[in-house]
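Heads up, the thing below is written out as structure tokens.
Counting starts at 1 for both ligands and their atoms, in listed order. Please read all numbers here as calculations on a predicted model, not as lab measurements. Numbers for residues simply follow the sequence, beginning at 1.
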Amino acid sequence: MTQTEYINQAEEHLLHVYNRFPVVFDYGKGVHLYDTDGKEYLDFASGIGVMAFGYGNPEYELALQKQIQKLTHTSNLYYHPPLAEAGEKLCKVSKMDKVFFTNSGAEAIEGAIKVAKKYAYLRDGFAGHEVIAMDHSFHGRTVGALSVTGTNHYREPFYPLMDGVKFATFNDLDSVKQQVTDKTCAILCETLQGEGGIYPATQEFLEGLRSLCDEKDILLIFDEIQCGMGRCGAMFTWQLYGVKPDIMTTAKALGGGVPVGAFLVTDNVAKASLVPGDHGTTYGGNPLVCAAVAKSIDLMESMKLPEHVQELTPYFEEKLQRLTQDYEFVLGYRGMGFMQGLLIDEHIPVGQILTKALDEGLIVLSAGGNVLRMLPPLIMDEAGFDEMEVRLRRVLDVIE
Ligand SMILES: *Cc1c(COP(=O)(O)O)cnc(C)c1O
């Protein structure tokens, strides 16, 4: 079938909630994807930060194949070896104490909110607590996660959302303090805002949040769903700041390509929040995804991917710096590690660049505020960054 035929077949049956690019991907290898006509694309999106090891890692594939042949689902009424293994490994690399596996990022956020609410409920003896979240944040599309997502056009049609959410300005500690009341149970933010436009947190902001939370017995939640799992040069980005949350969420790259997320808590929080009966999931943490999580963490460590990201970041940033110098409408760049954004002048819609980049065989993303977002697989090497620069220049050369 031609790509157009696949697209027509899909559009006839799928609920139209995405404006998809007109390309039909068939398979991937390393840092490249191939469409059904065999055209090659260099991947600087990783399926939105998921495919940390790129495509076709033989060790990863073998681990999943073996698990599929053994067992893919048991429910959470029982134990299975991959669950024990994934739990131990994730707690170790995250430096958190207890984990709950979910099927998505949004569900990890839902769980984190429930933990914070239950913690405050047990402490105070009554419910009705509040969460402070950030403007321009993104935490997912379920009703709870949407309630703490600071982008109006995602939210408005679905009011009323969860009650008791207040918004503050990211990187502005005073604006957070102004929203604190006796009822505040949690402060939630991404360590590095992704969808909102690639805004890294400042050191002072995260330290300030930590002190504020300690002072008032408020739980600090870091959403590491996009920026975590090695992407910024540490297993989790808060580790680079030395500011530890009480609750952390992860997903996207956690399983190297299978749908899995998790929320993790410290021992203190675990002892004083959710108990049996408070939370659950049918699929969450099933043998297949847990085998993927365990293998992903092994690979992160054996391939030294956080270290690789740290080493290659200057090379990546040098390219972004040169692009900023050479094109008037590229206003600058910001980010950390392999999570970077090129700031594009408002008169050039970034979507136009994305479409042309695909024609040139380069997959990139956008983010809020007309940002061209790049999330390459963590295995990207110098040759890959060189290739990105060549292809992106071909696109930018014809933009006006
Ligand atoms: C993608 C994302 C989510 C939501 O994850 P889903 O798996 O799409 O539900 C939440 N928070 C952040 C920071 C994300 O980037």
**Asked** Can Lys216 and Asp182 be counted as an ion pair, charged N to O under 4.0 angstrom?
**Response** no
**Item:** Proximal protein residues to ligand 1, non-hydrogen atoms under 4.0 angstrom
**Value:** Ser104, Gly105, Ala106, Phe138, His139, Gly140, Glu190, Asp223, Ile225, Gln226, Lys252
**Item:** Asp246 with Arg210: basic N within carboxylate O range, under 4.0 Å
**Value:** yes
**Request:** May I have all residue pairs that pass side-chain hydrogen bond (donor to acceptor under 3.5 Å, both in side chains) and include part of residues 56-76, sequence neighbours excluded?
**Result:** Glu59-Lys295
**Prompt:** Taking 4.0 angstrom as the limit, do Asp278 and Lys114 come out as a salt bridge?
**Reply:** no
**Message:** Whether Asp326 and Arg393 form a salt bridge (side-chain N of Lys/Arg under 4.0 Å from carboxylate O of Asp/Glu) is what I want to check.
**Reply:** yes
**CA sep, side-chain torsions, deciding dist, call: Lys319, Asp386, salt bridge (Lys or Arg N to Asp or Glu O under 4.0 Å)** = CA-CA 8 Å; Lys319 307 253 171 227; Asp386 292 346; 2.7 Å; yes
